[in-house]
Amino acid sequence: MADVDLTLLLAALEDDASLEGGSPFMRLAAEHFARTRTGDGPVSTQHTPAELTARFDEPLPMGMRPLAEVVARIEHDVLADVNRLAHPMYLGHQVSAPLAAAVWTEVVIGAVNNSHAVWEMSPATTTIEKRVIAWMCELAGFGAGSAGTITSGGTEATLTALLAARAAWQADAWTMGVRGPLPVLVHGEHTHYAVSRAAGVLGIGTANCVKVASRGQSQGQLQGPSPGQSPGEPHDARMDTAALAATLERLRAEGRPVLAVVATAGCTATGAFDDLDTIADLCDAFGAWLHVDAAHGASALLSAHHRRLLHGIARARSVAWDPHKMMLLPLAAGALLMRD
């Protein structure tokens, strides 16, 4: 690497921090919003992975580049082939087109760059996080002893929730490791892969995930539409609570400890909302931790009409919620709520 004149380098970095330096990037974002909403062009790229790989197959760039070159590269080589989430033909694939106000705020967040590792590194924004989490807990019906944390998404939230469940089941597992008969995780057949992934990470093992059939699968017929499901649909994708009861009875008879039961509110694959109240009854009866993966569906708590889909969520021990889905926030904005 060639020697760099530090005086010139520092001067250039100071210039980049000006309003004039940042304006071209804001222009790119605003033009992307405007151009995408017209519906012109495709929703996604027309290039193959190999073609895109070749575009960026280049040596590590060394030395300084003017911001104008950086902006031009983003405009022509990146934005040309991104997924256009605000396009009228985009069918929501997990994530939403974010609100403009949230996008502009990301610039400020990046400039401040406070870390939430400890309070002294982020005094104002940690206080805001606690306030936002308290609002979300209130929406979920949790009481004064509740709390939570912002996460990168539902997968991290579910892993952290099940880590808490492991601590409740075996308090010294963090220091001594998991000992004795391995516990099982009980979940519906359409549960997100975050659950089996957590089982692997926590040392429980994916083989100890016990799947409960959905109502349509286990009973062979539609038992009435699930909340949000139209009559006549061929499959009721909610967890079969009778099958759950039988599963918990069998596990108890076998002497197998249950780490947690994971219910889903707004299933990623089907959109179904499990019967949380009945599942909570069973968890209370069998002494099981109830975690609700509501990454998609918890935002229905903000709707006076649709919050009925989440009846019983206040009885969960933990809830995963992804505001970056239905609340139109940028990735990654997830949250974990804990009742206690």
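Excluded from the calculations below are hydrogen atoms, water molecules and symmetry mates; all remaining heavy atoms, backbone and side chain alike, are included. Keep in mind that this is a model prediction, so the values were computed, not measured.
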Go through the steps to decide whether His192 and Thr155 satisfy the test side-chain contact (heavy atoms from CB on, under 4.5 Å), and finish with yes or no. CA-CA 9 Å; His192 192 267; Thr155 297; 3.7 Å; yes

Below 4.5 Å, heavy atoms only, C-beta onward: do Phe25 and Val107 meet side chain to side chain? no

Hey, does the side chain of Arg256 reach the backbone of Ala253 with a donor-acceptor pair shorter than 3.5 angstrom? no

Does the side chain of Arg317 reach to within under 4.5 Å of the side chain of Cys283, using non-hydrogen atoms? no

How about His187 and Cys209: do any of their side-chain heavy atoms sit closer than 4.5 Å? yes

Is it true that Leu8 and Leu6 fall in one hydrophobic cluster, defined by side-chain heavy atoms closer than 4.5 Å? no

Are there more than 12 heavy atoms of other residues, nucleotides or ligands under 6.0 Å from atom CH2 of Trp104? yes

Any donor-acceptor pair under 3.5 Å from His87 side chain to Gly41 backbone: yes

Main-chain N/O of Leu331 paired with His324 side-chain donor or acceptor, under 3.5 Å: no

Looking at every heavy atom in both Cys137 and Ser146, which two are closest together, and how far apart are they? CB-OG, 3.4 Å

If hydrophobic clusters are built from ILVMFWY residues whose side chains come within less than 4.5 Å, do Met26 and Val71 share one? no

Looking at every heavy atom in both Leu79 and Arg84, which two are closest together, and how far apart are they? O-NH2, 3.6 Å

Separation of Leu276 CG from Asp274 CG (nearest 0.5 Å): 6.5 Å

Looking only at heavy atoms, the pair that brings Leu202 and Arg166 closest together is O-NH1, 3.1 Å

In terms of side-chain heavy atoms, does Asp81 have a donor or acceptor partner in Thr45 at a distance below 3.5 Å? yes

Smallest separation among heavy atoms of Ala161 and Trp289, with atom names: O-CZ2, 3.9 Å

So, Ser214 side chain and Arg238 main chain: donor-acceptor pair closer than 3.5 Å or not? no

Yes or no on side-chain contact (heavy atoms from CB on, under 4.5 Å) for Thr36 and Tyr90, after CA distance, side-chain angles and deciding distance? CA-CA 10 Å; Thr36 302; Tyr90 169 68; over 6 Å; no

Would you say Val118 ends up clustered with Val112 if hydrophobic residues are merged whenever their side chains have heavy atoms under 4.5 Å apart, either directly or through other cluster members? no

Could you give the distance from CG (Asp322) to NE2 (His296), rounded to the nearest 0.5 Å? 7.5 Å

Ignoring hydrogens and angles, state whether a donor on the side chain of Asn83 or Ser44 is under 3.5 Å from an acceptor on the partner side chain. yes

Do the side chains of Asp284 and Arg315 get close enough for a salt bridge, i.e. N-O under 4.0 angstrom? yes

Sidechain-backbone polar pair: Thr151 side chain, Gly153 backbone, donor-acceptor under 3.5 Å: yes

d(Leu85 CG, His32 NE2) to nearest 0.5 Å is 6.5 Å

Is a side-chain N or O of Ser18 found less than 3.5 angstrom from the main chain of Gly21, in a donor-acceptor match? yes

Taking side chain as C-beta onward, heavy atoms only, is Val262 less than 4.5 Å from Thr158? no

Ile279/Met239 under side-chain contact (heavy atoms from CB on, under 4.5 Å): CA gap, chis, key distance, verdict: CA-CA 9 Å; Ile279 294 172; Met239 186 194 301; 4.1 Å; yes

Looking at every non-hydrogen atom in both residues, tell me the closest pair between Ala295 and Gly154 and how far apart they are. CB-CA, 4.4 Å

Is any side-chain heavy atom of Phe142 closer than 4.5 Å to one of Leu337? yes

Neighbour count >12 (heavy atoms, 6.0 Å) for atom CD, Glu120: no

Nearest heavy-atom contact between Val212 and Asp240 is CG1-O, 3.7 Å

Let me check something: do Val132 and Met327 share a hydrophobic cluster, defined by ILVMFWY side-chain heavy atoms less than 4.5 Å apart, either directly or through other members? yes

If you apply the rule side-chain contact (heavy atoms from CB on, under 4.5 Å), what do you find for Leu139 with Leu302, and how did you get there? CA-CA 7 Å; Leu139 284 165; Leu302 293 161; 3.7 Å; yes

Donor-acceptor check, side chain of Ser303 to backbone of Ala300, threshold 3.5 angstrom: yes or no? no

Decide yes or no for Val195 and Asp293: does some side-chain heavy atom of the first lie under 4.5 Å from some side-chain heavy atom of the second? no

Ser115 backbone acceptor or donor facing Ser122 side chain under 3.5 Å: yes

Evaluate the side-chain proximity of Trp169 to Val178: yes if any heavy-atom separation is below 4.5 Å, no if none is. yes

Is the shortest distance from a Lys or Arg side-chain nitrogen in Arg35 or Glu75 to a carboxylate oxygen in the other one below 4.0 Å? no

Working to the nearest 0.5 angstrom, can you tell me the gap between His291 NE2 and Met338 CE? 9.0 Å

Arg73 side chain near Phe56 side chain, heavy-atom distance below 4.5 Å: yes

Heavy atoms of other groups near Glu51 CD, more than 12 under 6.0 Å: yes

Give, for atom CG of Leu329 and atom CG of Leu99, the distance between the pair rounded to the nearest 0.5 Å. 6.5 Å

Linking I/L/V/M/F/W/Y whenever any side-chain heavy atoms sit under 4.5 Å apart, do Leu282 and Val186 land together? yes

Output the distance between atom OG1 (Thr126) and atom CG (Asn114), rounded to the nearest 0.5 Å. 8.0 Å

Using atom types as modelled and distance alone, determine if a side-chain donor or acceptor of Arg179 lies under 3.5 Å from a backbone N or O of Gln170. no

